[in-house]
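Here is the structure we will look at.
Note that the coordinates shown come from a computational prediction; the quantities given were computed from them, not determined experimentally.
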Amino acid sequence: MTYQHITIPESGTKISVESDRMHVPDNPILGYIEGDGIGPDITRASLRIWDAAVERAYGGRRKVHWCELYMGEKAAGIYGGDFFPAETLDAIRDLTVSIKGPLTTPVGGGFRSLNVSLRQEMDLYACVRPVRYYTGIPSPLRHPEEVDIVIFRENTEDVYSGIEFESGTEANRKLAAFLRDEMGADFFLDAGLAIKPISPFGSRRLIRKAIQYAIDNNRASVTLVHKGNIMKYTEGAFRSWGYALAKEEFREQIVTEDELWDEYGGTMPEGKILIKDRIADIMFQLLQLRPGEFDVLATNNPNGDYLSDALAAEVGGIGIAPGANMADHVAVFEATHGTAPKYANLDKVNPSSLTLSGVMMLEYIGWNEAAELINRAFPQVMEDRTVTYDFARLMDNATTLSTSQFADALISKINRL
């Protein structure tokens with residue numbers, strides 16, 4: 001494939017997908033998008049960290065060949081004002097695995113959100129957010145070490161589908177009249193209206209991915225999170241479709257919570273994964289009081305959005321929260337925070353959200369040795385209290401590092417492992 005502004009490294013080899021399996025060469029070409037605001041600072045730091053971990057783990061036998069892709073403000077400067085160039089989408093599909101910094105959404109028109117547009121355009125239906133505690137990070141919990149949870153959030157349906165109608169518009173009046181006159185609905189005059197689609201197809205593929213992840217990573221349980229006590233035909237259906245899929249496609253690997261008590265007397269059979277569900281509002285309390293009871297969460301869109309940020313606050317905040325948006329094979333890993341433009345080009349902010357998203361990326365391509373080096377080195381830097389300003393203000397006797405200095409400290413630890 002020929003691109004106008006993107007240059008594919010000649011020295012690397014693209015990841016391929018054959019017979020529904022991803023094949024990763026020892027010299028893969030991976031895409032990266034710097035992002036806006038603080039994006040260039042944290043991307044430069046993270047690229048150095050990932051390369052150092054790969055070099056340390058494999059001694060030159062494996063190497064990532066990075067390909068810069070463009071989206072957001074940098075893309076607009078290159079593509080004549082286009083924040084969302086089509087060839088970048090083509091390259092993301094072509095390369096299979098990419099990572100990006102935070103992106104600005106244009107103000108006053110255009111895309112509601114570049115991130116949402118990317119997910120919908122690429123059908124990246126699963127937002128995956130692992131949340132775990134690293135020793136030495138300040139936490140409001142008494143036992144933050146109990147937090148090790150992976151959230152699978154449906155990315156394309158529910159309120160994020162963007163089907164809404166502004167108060168006072170002709171389209172709003174037509175829909176309101178239909179709902180009142182034809183469907184018997186009752187709501188206040190001039191209400192803004194939105195449609196909340198949740199489908200069997202969208203729910204099942206998200207829950208399938210969550211259960212398969214639990215199987216592949218020896219996780220103990222998958223919890224379906226929903227508000228089905230109120231929204232019975234959308235979120236309640238999400239729950240029902242989830243249990244049905246688990247029984248249909250994973251019968252030999254799973255036990256439902258009802259079966260656990262009715263058939264096994266509450267004793268979990270060896271080698272099985274527990275499938276259970278919880279109502280969304282109570283999950284906020286449970287994740288604070290008893291996070292050790294939960295392992296993998298599968299949830300519809302807004303519930304997963306709220307819960308992932310709340311859970312991140314228990315282990316250091318969204319500034320170190322990694323994430324990814326995935327289809328069946330194509331995956332875009334990302335920093336989960338915003339662009340923080342007032343800190344742009346100051347070499348000041350914490351790069352850890354993007355860095356740890358890169359850990360997810362290394363695990364995704366099967367380079368677990370390199371990923372584990374970063375996972376082992378990261379808490380050592382925390383315990384030394386050599387941190388960026390956001391953590392330094394929460395620690396006693398901390399040494400404040402710049403973004404690039406933090407990368408230096410982490411690389412130094414990696415090279416000693």
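The residues Glu235 and Lys196 are annotated as salt-bridged, a charged nitrogen and a carboxylate oxygen being separated by less than 4.0 angstrom. Salt bridge absent: Glu293 and Lys276 never bring a charged side-chain N and a carboxylate O closer than 4.0 Å. Remark: Asp295 engages Arg219 in a salt bridge, criterion side-chain N to carboxylate O under 4.0 Å. The pair Arg48-Asp51 does not meet the salt-bridge criterion, since no charged nitrogen lies less than 4.0 angstrom from a carboxylate oxygen. With respect to the salt-bridge test (charged N to carboxylate O, under 4.0 angstrom), the residues Asp186 and Arg180 do not qualify.
Applying side-chain contact (heavy atoms from CB on, under 4.5 Å) to Ile33 and the options Leu103, Leu118, Ile99 leaves one that passes, Leu103.
What you find for Ser11 and Asn27 is that their closest heavy atoms are O-ND2, 3.2 Å. In plain terms, the two heavy atoms of Leu286 and Arg278 that are nearest each other are CD1-CD, 4.1 Å. Between Ala280 and Val225, the closest heavy-atom pair is CA-CG1, 3.7 Å. Considering every non-hydrogen atom in both Val97 and Met22, the closest pair reads CG2-SD, 4.2 Å. Of all heavy-atom pairs spanning Ala53 and Leu373, the tightest one is O-CD1, 3.6 Å. Residues Ser357 and Pro322 approach most closely at OG-CA, 3.2 Å, considering heavy atoms.
Asn415 and Arg56 are not linked by any side-chain donor-acceptor pair at a separation below 3.5 angstrom, with hydrogens and angles left out of the test. Judged purely by distance below 3.5 Å, without hydrogens or angles, the side chains of Thr169 and Arg173 never pair a donor atom with an acceptor atom. Looking only at atom types and distance, the side chain of Thr156 has a donor-acceptor partner in the side chain of Glu154 under 3.5 Å away. Judged purely by distance below 3.5 Å, without hydrogens or angles, the side chains of Asp26 and Tyr58 never pair a donor atom with an acceptor atom. Checking Glu157 against Asn301 by side-chain atom types alone, no donor-acceptor pair falls below 3.5 Å. Asp94 and Tyr3 share a donor-acceptor pair across their side chains, judged by distance under 3.5 Å alone. Between Asp36 and Thr339, the side chains place no donor N or O within less than 3.5 Å of an acceptor N or O (distance only, hydrogens not considered). Thr386 and Thr399 are not linked by any side-chain donor-acceptor pair at a separation below 3.5 angstrom, with hydrogens and angles left out of the test. There is a side-chain donor-acceptor pair under 3.5 Å between Tyr243 and Asp277. Remark: the Asp328 side chain and the Tyr125 side chain contain an N/O donor-acceptor pair separated by less than 3.5 Å. Side chains of Asn155 and Gln120: no donor on one and acceptor on the other come within 3.5 Å. Side-chain polar atoms of Asn115 and Lys100 form a donor-acceptor pair below 3.5 angstrom. Remark: the Asp384 side chain and the Gln380 side chain contain no N/O donor-acceptor pair separated by less than 3.5 Å. Checking Thr388 against Asp390 by side-chain atom types alone, a donor-acceptor pair falls below 3.5 Å. Checked by atom type, the side-chain pair Asn172/Ser167 shows no donor-acceptor distance below 3.5 Å.
Looking at Asn325, its side chain never comes within 3.5 Å of a backbone N or O of Arg119 through a donor-acceptor pair. Side-chain atoms of Lys209 come within 3.5 Å of backbone atoms of Ala327 as a donor-acceptor pair (strictly under, hydrogens ignored). Using a distance-only test at 3.5 Å, with no hydrogens or angles considered, no donor-acceptor pair links the side chain of Ser352 to the main chain of Thr355.
Counting heavy atoms from C-beta on, the side chains of Val359 and Phe378 never come closer than 4.5 Å. Using a 4.5 Å heavy-atom cutoff, the side chains of Ile365 and Ile15 are in contact. Side-chain contact between Pro138 and Met395 is present, with at least one heavy-atom pair separated by less than 4.5 Å. For the pair Arg62/Trp367, a side-chain contact is recorded, criterion being any heavy-atom separation below 4.5 Å from C-beta on. Between Ile318 and Arg129, some side-chain heavy-atom pair lies under the 4.5 Å cut-off. Between Ile279 and Met283 the shortest side-chain heavy-atom distance does not fall below 4.5 Å.
Glu170 CD: more than 12 foreign heavy atoms inside a 6.0 Å radius. More than 12 heavy atoms of other residues, nucleotides or ligands lie within 6.0 Å of CZ in Phe284, so this atom counts as buried by the packing criterion. Heavy-atom contacts from other residues, nucleotides or ligands closer than 6.0 Å to CD of Glu10 number 12 or fewer.
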Glu249 vs Arg204, salt bridge (charged side-chain N to carboxylate O under 4.0 Å, His left out): CA-CA, chis, key distance, verdict | CA-CA 10 Å; Glu249 299 187 11; Arg204 287 170 65 93; 3.6 Å; yes
Does the ring-ring contact (aromatic ring centres under 6.0 Å, His included) test come out yes or no for His5 and Tyr70, once each step is laid out?
-> CA-CA 9 Å; His5 295 295; Tyr70 306 103; 7.4 Å; no
Can you check salt bridge (charged side-chain N to carboxylate O under 4.0 Å, His left out) on Asp396 and Arg385, steps first, answer last?
-> CA-CA 8 Å; Asp396 295 329; Arg385 300 174 185 269; 5.8 Å; no
Intermediate values then yes/no, ring-ring contact (aromatic ring centres under 6.0 Å, His included), Phe84 and Tyr79 = CA-CA 9 Å; Phe84 198 65; Tyr79 293 86; over 10 Å; no
Decide ring-ring contact (aromatic ring centres under 6.0 Å, His included) for Tyr343 and Tyr389; before the verdict, give the C-alpha distance in whole Å, the side-chain angles of both, and the deciding distance to 0.1 Å.
-> CA-CA 12 Å; Tyr343 294 120; Tyr389 81 97; 5.5 Å; yes
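Cation-pi check for Arg208 over Phe250 is not met; the charged atom does not lie both under 6.0 angstrom from the ring centroid and within 45 degrees of its normal.
Residues forming a ring-ring contact (aromatic ring centres under 6.0 Å, His included) with His23 (at least two apart in sequence, or on another chain): none. The ring-ring contact (aromatic ring centres under 6.0 Å, His included) test applied to Phe152 returns Tyr213, not counting sequence neighbours. Every residue was checked against the ring-ring contact (aromatic ring centres under 6.0 Å, His included) condition with Tyr133, not counting sequence neighbours, and none meets it.
The distance from the CZ atom of Arg153 to the OH atom of Tyr306 is 9.5 Å, given to the nearest 0.5 Å.
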